[in-house]
Amino acid sequence: MFDYLQELNEAQREAVLRTEGPALVIAGAGSGKTRVLTYRIANLLKQGAKPSSILSLTFTNKAAKEMKERIAKVAGEQTARYLWMGTFHSIFARILRYESETIGYPSNFTIYDSADSKSLIKTVIKSLELDVKIYKPGTVLSRISMAKNNLITPNIYTNSAEIRKVDKSIRMPAIAEIYKEYTKRCFLSGAMDFDDLLLKTNMLFRDHPDVLQRYQERFAYVMVDEYQDTNYSQYLIVKKLAAAHKNICVVGDDAQSIYSFRGARIENILNFKSDYPGHKTFKLEQNYRSTQTIVNAANSIIVQNKKQIPKNTFSENDLGNPIKVISAITDNEEGFLVVQEIVQTQLRDHYKFEDYAILYRTNAQSRIFEESLRKRNVPYKIYGGLSFYARKEIKDLLSYCRMTINPADNEALKRVINYPARGIGATTLTKLETAAVNQETTIWKIITDLPTINHASLNKGTAAKILNFVGIIQRFHKLADENDAFDTVKAIAEQTGILKELYTDKSPEGLSRHDNIQELLNGIQEFSINAKELGEPEKLENYLEDVALLTDQDNDKDEDKNKVTLMTVHSAKGLEFKNVFVVGMEENLFPSNQSGDKKPEALEEERRLFYVAITRAEQNVCLSFANQRYKWGNLDFCNPSRFLEELDEKYIDSSGMQNSSRKAQTLSPNEQKPQGFASRKAPTSLKSPQTQNILNKKLVSLKETSRRQNTFEGDDASKIQAGMVVEHQRFGQGKVLQIEGTAPNIKATVFFKSGQQKQLLLKYAKLKIKG
DNA sequence: GCTCAGGGCATTTTT
DNA sequence: TGCCCTGAGC
C-alpha cells in the first residue's frame, strides 16, 4: 500500500486500484475527481507501467496542466514528462503531425481557429455566388462542424437526403457545396480546423489499420476526463484506441453535461456500460467542496431529470447557510444589491475578493455587474469576451509567423499582405484569389510565380509591391530556420514595422495594442527559454503548434489575484469559489418552463446548468433576478426562473425578497404587461427624481439626434472613467485624467488635444465617449 | 484606402 | 443597446 491511498475514501481507492479493464467513474461535483485521476496514474507508474504507455485526455489545457503538475509532485517531473497527457486536440494534432505523410498533409500544417474558419467560409460563400445574408458564415460553420463531429464527410453530406432536407428547411440548400469547397481550400492551404484534428484522426485510424495498431499497442492505458462532454468523433477515437487493451477509464458526471450545443453526447457516458462489457462502475458520491445545504439543494433540482445515472451525492460538511435569494426591481438595482452583498459579507466574514464569483448565463449580462463593481471600487476580473489571441494585433503578428512556417496558409496571407499598408488593396487581392481558385492552388503559389501574376492583369507597380512582400516572407523563412522562436518573432515584429506603427500610436487603444504585442513577445521568450531548459525544440514552428491550441484562460496572471470573478456558468465548470452569485435568474435566461418550445432534453440541460452553477460554491450561494430588464433597448418584464420555485423553502433565505420597501415598488398591474416597445426611462429606485428628470430629457434629445451619440450626463456620467478618450462638443477630443464627486455632481478633469486642461461638471457637459 | 452612418442582429464555447 | 458589416463618399 502506498501512503497516498490513505488520503482516499473507499470509492476513490477502488477506482484508483482497479487499473485493468474498463472502468466508469461517476464523479459528482466536488468529489475529488482530479485526485482520483492523479493517483490512478501514479499507481500505474508505481506498478511499472511506462509513462509513454499512458494516454490521458482532457478538454482544456488548464485541466491537463493541473494534472500534470500534480503527477509531477507524486511521481517526479521526469516521469510526468513522458506521459501522453493533454487535450484531445493537442494530442491528436501531435499524432497527425507524426503521421502527416500517410494522410497527405504537410507536417507543419496550420491549425485554423474559428475566426480563420469563419473567414474562409465567408470567402467560399461569396465565391459560390451565394448571399452572405442568407448563408451566415457562423451558421454554416456550425453545420459543418456538427457534420465533422459526426464523421460526415462532404461526400456523405451531399448524398444524405436527410441532411439536405434540413438544409433546405433552413433555406441553405447549398451548404453541401460550401462544405466541399471549404474542405478543398483547407487542404490546399495545408490547414486543419479544430474539428479536422479529430476527424482526420478518425480517418487515419479507419483507413490505416497498421497505424491504429501501433497506437493501440502503445497506449496500454487510456483515461478520459469529463467523459460526458465527448462528442461522437472523440468517443470513436477513444473506443478505437482502447479496443486492444481495454484498459479504459473514463471519468465524468452526467449531471454536469452542459455542452450539447457543441456536440457533446451525454449518451456516451450513459451507454458506457453497454459499450464496454465487463466494465466496473465507481461512484464518487461524497462532496468535499460544498455545505450540506448546497449539495441537497442542487440534488433537489437534478433529481427531476429523467435521463441520468442514479446516484446519491451527499456532504458531511457543515449544514451551512441557506441559499439567499435577492429580488430586484431592475437590472441596475440587481447589480447594486449583489455588489452590496459582496462588500458587506466581505467585511463581516473576512472574505477576500477572490472568494467571490458572479456567474451568469450570457456574457452580455456582465456589463451591469461590472458597472456596479466599479462604482464601489471592487476589483474584478472578467472571463469571456475577446480572447487575447483573438485580438487584431496578436492575430496579425501571428499570421506573419504562420506565413513564415506555412506560406500556403491563405487566411494568414490575406490578413498580412497589406498590413502594415503596402498598397496591395482589395481589388488586387480579389484578382489573386480568383487566379488561385481557377488554378486550384494557393495565393502564395500565384505570387511566387510572377508570369502568372501578369496573367492576373496587374500593373507593374502592384506587381513590384507583391514581389517585395514575397521577399519579406522568404527572408522570415530563412530567419526562422536559423533562430529560435523568440528571436524570429522579434525580428518579424520589427522588420514588418508592426512594432513601430503601434509605438507611434499614442491613443489608449494604440498603447494597449503595443502592450499586447509586448506581452506576446514575452510569452514567446518564455517559451524559448523553457524549451531550451528542457532540451525541447525551440523553433517558431514548435511555438505555433502550442499557440494554436491555447486560450487566455490558460495563463493566470499575478495581477489577477484577489479579484471578484465574473464569468458564464459554462466557463465556471471545474472551478470552485467560496461564495457564488448566480445572477439574472429570470425565466428567459434560465428557462425552466415546459410550455415553451423547449424540448424536454433542453429543459434537462438547463437544470444541469443550474446544478453546475450552484455546486461551484463552497460556502454561500446567492441567487438574484430582476423584474424588469432592458433588452435591445426595450423594457422586458421578467418572471423569476421556475428553478427558484423548485428549490425547497428549507434551503432558502428569502429576506432579500421580502424587503417591504421593495415590494411597495412592484409594478402596478397595467404596467406588468409585457410591451412591444417601452419608452426608455431611468428606472431604478436608486436614482433621485432630480436625476431622473435630467436623464429623461437627455434621452429624448438623444433619440432626436442619433442613436450613435453616446452622451452622458447626470448619473450616467459614471460611465465616464479616467483614461477614457472623450469628445466634447466645444473643446474637441480629450482624455479624462481624473473623476471626482458623485452623481449628479461629477467633476471630470479632461486634457484636450488642443492643449488646454478643463474641469467639467458632467451634469452640464456633453461628452461623447470615443471608440 | 479610409471613415462614417445606417441596417441588421442578438445563448452557452473549448479547441 | 451595442456590435459588426456594408456601402457611400471623400
Side-chain angles (χ1 to χ4, degrees), chain A residues 57-64 86-93 111-118 122 126 132-133 136-139 141-142 145 148-149 192-198 226 229-231 233-234 257-264 331 359-365 367-368 383-387 389-390 418-429 546-554 567-574 584 588-591 598 602 605-606 608-610 612-613 629-636 680 699 702-703 705-710 716 719 769 771:
Chain A
L57 298 165
T58 63
F59 274 84
T60 63
N61 293 305
K62 206 173 174 178
T87 62
F88 275 91
H89 295 264
S90 70
I91 294 284
F92 296 120
I111 298 172
Y112 276 173
D113 67 15
S114 359
D116 298 316
S117 306
K118 229 173 170 172
K122 203 170 156 188
K126 282 184 178 164
V132 191
K133 275 180 192 144
K136 282 181 235 148
T139 315
L141 178 60
S142 78
S145 171
K148 285 187 179 176
N149 287 331
M192 293 199 199
D193 66 16
F194 290 135
D195 302 317
D196 280 335
L197 296 175
L198 307 172
E226 305 277 16
D229 286 339
T230 47
N231 60 35
S233 193
Q234 292 162 325
S257 162
I258 54 174
Y259 280 112
S260 69
F261 67 90
R262 72 178 197 219
D331 45 7
L359 308 181
Y360 33 78
R361 180 68 213 263
T362 70
N363 280 311
Q365 287 170 271
R367 225 195 68 230
I368 295 250
Y383 287 83
L386 196 62
S387 119
Y389 297 100
N418 197 33
Y419 179 81
R422 46 173 81 84
I424 306 172
T427 323
T428 309
L429 195 55
D546 273 20
V547 80
L549 299 171
L550 222 58
T551 62
D552 37 279
Q553 296 209 8
D554 297 330
M567 56 168 63
T568 61
V569 178
H570 280 94
S571 44
K573 204 172 96 185
N588 52 342
L589 289 165
F590 280 88
K598 284 254 163 193
E605 184 152 319
E606 295 299 328
R608 295 195 290 264
L609 192 66
F610 184 58
V612 168
R629 183 177 295 279
Y630 283 109
K631 205 182 172 192
W632 306 331
N634 291 348
L635 188 60
D636 268 8
R680 189 173 162 80
L699 288 161
L702 260 188
K703 252 194 180 154
T705 51
S706 155
R707 63 194 184 104
R708 298 275 141 198
Q709 298 268 322
N710 294 317
D716 259 11
K719 283 186 183 157
I769 300 174

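Below, chain A is the first sequence line, B the second, and so on; all start at residue 1. Just so you know, these numbers come straight off a predicted model, no measurement behind them.
Under the 3.5 Å distance criterion, the side-chain polar atoms of A:Tyr389 are left unmatched by any main-chain donor or acceptor of A:Leu549. A donor-acceptor contact shorter than 3.5 Å is absent between the side chain of A:Asp193 and the backbone of A:Tyr112. Formation of a donor-acceptor pair under 3.5 Å by the A:His89 side chain with backbone atoms of A:Leu197 is not found in this model.
Residue-level contact check: A:Ile368 touches neither bases nor backbone, having no heavy atom under 4.0 Å from any strand. Counting non-hydrogen atoms under 4.0 angstrom, A:Phe261 reaches a base of the nucleic acid. Backbone-only contact: A:Tyr259 has heavy atoms under 4.0 Å from sugar-phosphate atoms and none from a base.
Nucleotide C:dC5 holds its P atom 10 Å from the NZ atom of A:Lys126, rounded to whole Å. The CG atom of A:Asn231 sits 13 Å away from the C1' atom of B:dT13 (whole-angstrom rounding). Summarising the geometry, the separation between NZ on A:Lys573 and P on B:dT13 is reported as 12 Å, rounded to the nearest angstrom. Rounded to whole Å, atom P of B:dT14 lies 18 Å from atom CG of A:Asp546. To the nearest angstrom, P of B:dT13 lies 13 Å from CG of A:Asp229. What separates OH of A:Tyr389 from P of B:dT13 is a distance of 19 Å, to the nearest Å. Here B:dT13 presents its C1' atom at 12 Å from CG of A:Asp195, a figure rounded to the nearest Å. A:Phe92 places its CZ atom 15 Å from the P atom of B:dT15, with the value rounded to the nearest Å.
With B:dA10, B:dG1, B:dT12 as the candidates, the nucleotide lying closest to the side chain of A:Asn418 is B:dG1. Out of B:dT15, B:dT14, B:dG1, the shortest distance to the side chain of A:Ser571 is found at B:dT14. Comparing B:dT11, B:dT13, B:dT15 against the side chain of A:His570 picks out B:dT13 as the nearest. Here the side chain of A:Arg367 is nearest to one of B:dA10, C:dT1, B:dT15, namely C:dT1.
Atoms CZ and OG1, on A:Phe59 and A:Thr87 in that order, are 9.5 Å from each other to the nearest 0.5 Å. Taken from CG in A:Asp113 to CG in A:Leu550, the straight-line distance is 12.0 Å, to the nearest 0.5 Å.
Within the 4.0 Å cut-off from OP1 or OP2 of B:dT11, not a single side-chain nitrogen or oxygen of A:Arg262 is found. Listed pair A:Lys122 / C:dT6 meets the phosphate criterion, a side-chain N or O lying under 4.0 Å from OP1 or OP2. Between A:Asn363 and the phosphate of B:dT11, there is no side-chain N or O to OP1/OP2 separation shorter than 4.0 Å. Dashed line: the shortest gap from a side-chain N or O of A:Thr568 to OP1 or OP2 of B:dT13 is under 4.0 Å.
Residue-to-nucleotide contacts include a donor-acceptor pair under 3.5 Å from the side chain of A:Ser114 to the base of B:dT15.
The shortest side-chain heavy-atom distance between A:Met567 and A:Leu359 falls under the 4.5 Å cut-off.
Between A:Glu605 and A:Ala548, the residue anchored closer to the 5' end of DNA chain B is A:Glu605, taking for each the nucleotide with the nearest heavy atom.
A gap of 26 Å separates the C1' atoms of C:dT6 and B:dT11, to the nearest Å.
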